[in-house]
K.L.:
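Encoded as structure tokens, here's the structure I'll be asking about.
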Amino acid sequence: MTTAEELIARSNRLGADPKNTNYAGGNTSAKGIATDPVTGEDVELLWVKGSGGDLGTLKESGLAVLRLDRMRALVDVYPGVEREDEMVAAFDYCLHGKGGAAPSIDTAMHGLVDAAHVDHLHPDSGIAIATAADGENLTTEIFGDQVVWVPWRRPGFQLGLDIAEIKAKNSQAVGCILGGHGITAWGDTSEEAEKNSLWIIDTAAAYIEEHSKAEPFGPALDGYQALPDGERRTKAAALAPTIRGIASADQPMVGHFDDSDVVLDFLASEDHPRLAELGTSCPDHFLRTKVKPLVLDLPATASVEESIARLKELAVGYREDYQAYYDRHADQNSPAIRGKDPLIVLVPGVGMFSFGKNKQTARVAGEFYLNAINVMRGAEGLSRYAPIEESEKFRIEYWALEEAKLQRMPAPKPLATRVGLVTGAASGIGKATAKRLAAEGACVVIADLDLAKAEAAAAEIGGPDVAVGLAADVSDEAAVQAMFDAAVLAFGGVDLVVNNAGLSLSKSLLDTTERDWDLQHDVMAKGSFLVSKAAAKVLIEQEMGGDIVYISSKNSLFAGPNNVAYGAAKADQAHQVRLLAAELGAYGIKVNGINPDGVVQGSGIFAGGWGAKRAEVYGVPEEELGKFYAQRTLLKREVLPENIANAVFVLCGPDLTHTTGLHVPVDAGVAAAFLR
């Protein structure tokens with residue numbers, strides 16, 4: 001196994017266990033000998049996890065590779081701590097060959113410490129000691145002289161020099177506790193470094209377990225206990241649109257909900273307001289969560305209406321407080337303020353809402369606050385939680401190097417931060433639409449009468465950070481509400497709703513039964529009404545605008561034979577578009593429709609017998625029906641599900657922001673269905 005392969009294997013093992021480090025937190029390295037491809041001579045290299053990577057999923061492409069002789073030579077030109085950020089750019093001149101990933105700010109720590117293998121990690125147990133008021137004394141008490149305390153210093157070249165000096169002066173030591181930050185361990189072999197890292201983590205955890213006070217967060221707070229499961233999630237769904245709107249005042253965000261015991265127990269305890277106000281500490285924490293959360297200061301028994309009113313009041317105060325925080329510490333070189341909205345919102349008895357630019361970022365932000373709660377528990381259990389100073393938090397959050405990293409990120413896709421919900425989305429037009437929305441950056445909810453097919457479609461489109469499958473009978477108001485409740489808990493809210501669910505029975509007037517009529521109107525006319533009504537509640541409360549799109553039909557305009565129930569239901573849908581466009585425009589909600597025709601391939605409607613009936617009406621083989629439809633169009637082109645999906649994207653994308661009440665024909669040209 002090569003040095004790089006050995007490092008990757010160790011990194012993956014350490015990163016796979018959340019007790020060792022948080023997502024994308026920490027870094028690992030290995031030093032070794034390789035052949036210089038130019039000179040053919042041996043050269044000493046450093047392989048180190050690159051900037052922004054994750055240990056648990058690290059691959060060789062995620063490693064930065066540097067020449068150690070050049071890197072060590074940087075010590076001689078180091079201009080001092082006031083200019084240490086300049087050293088990050090100097091790392092680029094130390095790269096070997098193509099260099100691999102971009103070197104991170106912690107590269108100096110790994111290169112300068114005189115050990116073949118180095119691990120820098122952010123374990124909850126280690127950070128608990130690092131943020132305890134008497135962390136230095138606890139380090140000695142827990143580890144003796146095998147682990148050395150390092151006072152808080154912002155990550156960078158100087159911290160690398162400090163740890164290198166500690167390693168040189170303490171030959172018996174296997175690692176450090178970095179005040180307010182995390183741990184660093186080392187070893188002569190990869191196995192030894194990993195063993196030392198795990199020993200520090202597990203020893204700290206065992207000490208906390210044995211010596212912690214019984215109630216680290218204080219006694220239970222009356223009225224703040226977790227609500228029963230069903231009641232809790234119902235309340236969470238009712239609050240979610242308001243909370244997402246609060247978190248998206250400056251820029252749209254996707255949400256994640258967590259009602260795990262860790263969160264609920266914290267919020268049920270007396271000291272949670274004090275601890276939440278102190279904020280997080282580890283640099284990775286508040287880069288993901290902001291310096292502190294917004295906490296609803298009402299008991300779990302407060303009504304939804306009371307909670308919404310208070311959340312809106314608190315949001316105003318949070319924004320003012322964050323602006324004041326920025327103003328206290330910003331100077332002429334600071335990046336512009338990035339937004340004053342909370343990324344973490346805590347609701348006693350209900351849970352935690354976390355936010356980010358996409359679902360993964362939102363979920364990870366929540367995971368980081370779980371880490372912060374665990375850190376607070378450990379520190380309070382042994383001592384007193386004492387995070388780094390606010391000014392230091394600001395230096396990290398508005399670090400020029402972090403700003404540069406943000407600026408290097410690729411431009412977001414057109415529908416990034418938007419959440420789409422598509423009914424009838426397990427096949428045909430609905431599935432194609434969901435795929436297109438996801439491809440353009442949206443999170444998507446695949447709603448369908450068949451749960452198994454909905455979940456399969458969601459899995460095909462992406463994992464739960466991209467798509468979720470839900471069962472939904474759109475003709476049932478309670479089922480529709482349950483669908484939206486699940487959607488807002490999955491992604492924080494909804495922005496883009498596509499009324500696509502439908503069915504058709506091809507029968508003459510005399511053969512059409514009352515049940516035939518009711519079934520088609522229940523699914524398409526009534527179903528679209530119920531879905532749009534539930535969607536409007538969410539969209540209005542979010543105050544973020546939004547889109548509702550009806551997949552109507554050419555038959556909403558064109559009078560064809562043997563489809564009286566279907567055509568009438570589609571005409572109902574078509575007029576709903578105009579009615580709702582007129583009513584919801586005041587809230588910035590656009591309502592538009594699409595009129596497809598002859599979409600045979602992949603269609604659930606055509607596969608369910610409609611195709612055979614229509615083929616019989618037109619006197620063609622069923623397998624030739626798509627081609628038959630194409631030949632009667634002006635363009636002589638067969639209409640595919642993807643063509644309708646394209647139209648949905650155009651209506652909801654960045655180019656038609658001022659269009660509402662429109663019906664777009666996607667029928668390859670049927671003159672009899674032209675809009676007049």
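Along the sequence shown, the residues carry numbers beginning at 1.
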K.L.:
Surrounding NZ of Lys627 (heavy atoms of other residues, nucleotides or ligands, distance under 6.0 Å), is the total greater than 12?
P.N.:
no

K.L.:
Scan residues 440-457 for pairs that pass side-chain hydrogen bond (donor to acceptor under 3.5 Å, both in side chains), counting only residues two or more places apart or in two chains.
P.N.:
Arg436-Glu440

K.L.:
Name the atoms and distances for all side-chain donor-acceptor pairs under 3.5 Å in residues 411-424, with sequence neighbours left out.
P.N.:
from   : atom 1 : to     : atom 2 : distance (Å)
Lys413 : NZ     : Ala439 : O      : 3.3
Arg418 : NH1    : Asp547 : OD2    : 3.3
Arg418 : NH1    : Cys652 : O      : 2.8
Arg418 : NH2    : Asp495 : O      : 3.4
Arg418 : NH2    : Asp547 : OD2    : 2.9
Thr423 : OG1    : Val498 : O      : 3.4
Thr423 : OG1    : Asn500 : N      : 2.9
Thr423 : OG1    : Ala501 : N      : 2.9

K.L.:
Check this for me: Glu514, atom CD, are more than 12 non-hydrogen atoms of other residues, nucleotides or ligands nearer than 6.0 Å?
P.N.:
no

K.L.:
Could you give the distance from CG (Leu489) to CG (Asp258), rounded to the nearest 0.5 Å?
P.N.:
11.5 Å

K.L.:
For atom CZ of Arg232, decide whether the heavy atoms of other residues, nucleotides or ligands shown that lie under 6.0 angstrom number more than 12.
P.N.:
yes

K.L.:
Between Leu579 and His575, is a side chain to side chain contact (heavy atoms under 4.5 Å, CB included) present by the stated rule, with each step listed?
P.N.:
CA-CA 6 Å; Leu579 293 166; His575 199 46; 3.7 Å; yes

K.L.:
Partners of Phe558 by ring-ring contact (aromatic ring centres under 6.0 Å, His included), sequence neighbours excluded?
P.N.:
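Residues passing ring-ring contact (aromatic ring centres under 6.0 Å, His included) with Phe558: none at all.
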
K.L.:
Does Pro561 have any side chain to side chain contact (heavy atoms under 4.5 Å, CB included) partners at least two apart in sequence or in another chain, and if so, which?
P.N.:
Arg614, Val617

K.L.:
Which pairs pass ring-ring contact (aromatic ring centres under 6.0 Å, His included) with one or both residues in residues 427-454, sequence neighbours excluded?
P.N.:
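Qualifying pairs, neighbours excluded: none.
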
K.L.:
Starting at NZ of Lys590, measure out to CG of Leu539 and round the result to the nearest 0.5 Å.
P.N.:
12.0 Å

K.L.:
Using every non-hydrogen atom in the two residues, find where Phe355 and Gly255 come nearest and quote the distance to one decimal.
P.N.:
CD2-CA, 3.6 Å

K.L.:
Would Lys526 and His521 count as having a side-chain donor-acceptor pair, cut-off 3.5 Å?
P.N.:
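No pair is found: no donor N or O on one side chain lies under 3.5 Å from an acceptor on the other.
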
K.L.:
I'd like to check Ser307 versus Leu296 (side-chain heavy atoms, cut-off strictly below 4.5 Å). Are they in contact?
P.N.:
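Counting from C-beta outward, Ser307 and Leu296 do come under 4.5 Å.
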
K.L.:
Among all residues two or more places apart in sequence or in another chain, which pass the salt bridge (charged side-chain N to carboxylate O under 4.0 Å, His left out) test with Asp465?
P.N.:
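Result, salt bridge (charged side-chain N to carboxylate O under 4.0 Å, His left out) vs Asp465: Arg363.
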
K.L.:
Are Lys435 and Glu642 close enough that some pair of their side-chain heavy atoms sits under 4.5 Å apart?
P.N.:
no

K.L.:
By salt bridge (charged side-chain N to carboxylate O under 4.0 Å, His left out), which residues pair with Asp321, not counting sequence neighbours?
P.N.:
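For Asp321, the residues satisfying salt bridge (charged side-chain N to carboxylate O under 4.0 Å, His left out) (neighbours in sequence not counted) are Lys292.
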
K.L.:
Among residues at least two apart in sequence or on other chains, which ones pass side chain to side chain contact (heavy atoms under 4.5 Å, CB included) with Glu231?
P.N.:
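For Glu231 the side chain to side chain contact (heavy atoms under 4.5 Å, CB included) partners, ignoring immediate neighbours, are Leu227, Pro228.
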
K.L.:
With a cut-off of under 6.0 Å to the ring centre and 45° to the axis, is Lys290 in cation-pi contact with Tyr322?
P.N.:
yes

K.L.:
I'd like to know if the side chain of Asn499 pairs up with that of Ser532 as donor and acceptor (distance under 3.5 Å, no hydrogens or angles considered).
P.N.:
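There is such a pair between these side chains.
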
K.L.:
Taking atom types as modelled, is there a side-chain donor on Asp572 or Gln576 under 3.5 Å from an acceptor on the other?
P.N.:
yes

K.L.:
Report, as yes or no, whether the 6.0 Å neighbourhood of atom CZ on Phe628 holds more than 12 heavy atoms from other residues, nucleotides or ligands.
P.N.:
yes

K.L.:
For side chain to side chain contact (heavy atoms under 4.5 Å, CB included), just list the numbers for Phe484 and Val494, CA-CA rounded to whole Å, side-chain angles, deciding distance to a tenth of an Å, and then say yes or no.
P.N.:
CA-CA 8 Å; Phe484 274 92; Val494 173; 4.3 Å; yes

K.L.:
For a quick test of your reading: what N or O donor-acceptor pairs under 3.5 Å do the side chains of residues 340-353 make, sequence neighbours left out?
P.N.:
from   : atom 1 : to     : atom 2 : distance (Å)
Lys340 : NZ     : Gln323 : OE1    : 3.4
Asp341 : OD1    : Arg319 : NH1    : 2.5
Asp341 : OD2    : Ala249 : N      : 3.1
Asp341 : OD2    : Asp250 : N      : 2.7

K.L.:
As an exercise, state the distance from CG of Asn555 to NZ of Lys570, rounded to the nearest 0.5 Å.
P.N.:
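One gets 9.0 Å once the value is rounded to the nearest 0.5 Å.
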
K.L.:
On the six-membered ring of Tyr23, is Arg288 placed so that its NZ or CZ lies under 6.0 angstrom from the centre and within 45° of the ring axis?
P.N.:
no

K.L.:
Give me each pair satisfying side-chain hydrogen bond (donor to acceptor under 3.5 Å, both in side chains) with a member in residues 343-355, each pair once, sequence neighbours excluded.
P.N.:
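Qualifying pairs, neighbours excluded: none.
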
K.L.:
Hey, is Arg233 close enough to Asp485 for a salt bridge, meaning N to O under 4.0 Å?
P.N.:
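Salt bridge flag = no for Asp485 with Arg233.
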
K.L.:
Between Arg515 and Asp518, is there a side-chain N and carboxylate O pair less than 4.0 Å apart?
P.N.:
no

K.L.:
Applying ring-ring contact (aromatic ring centres under 6.0 Å, His included), name anything that partners Tyr318, two or more places apart in sequence or on another chain.
P.N.:
none

K.L.:
Compare all side-chain heavy atoms of Asn595 with those of Asp667 and state whether any distance is below 4.5 angstrom.
P.N.:
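No. Closest side-chain heavy atoms not under 4.5 Å.
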
K.L.:
For His663, what residues pass the ring-ring contact (aromatic ring centres under 6.0 Å, His included) criterion, not counting sequence neighbours?
P.N.:
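Partners of His663 under the ring-ring contact (aromatic ring centres under 6.0 Å, His included) test: none.
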
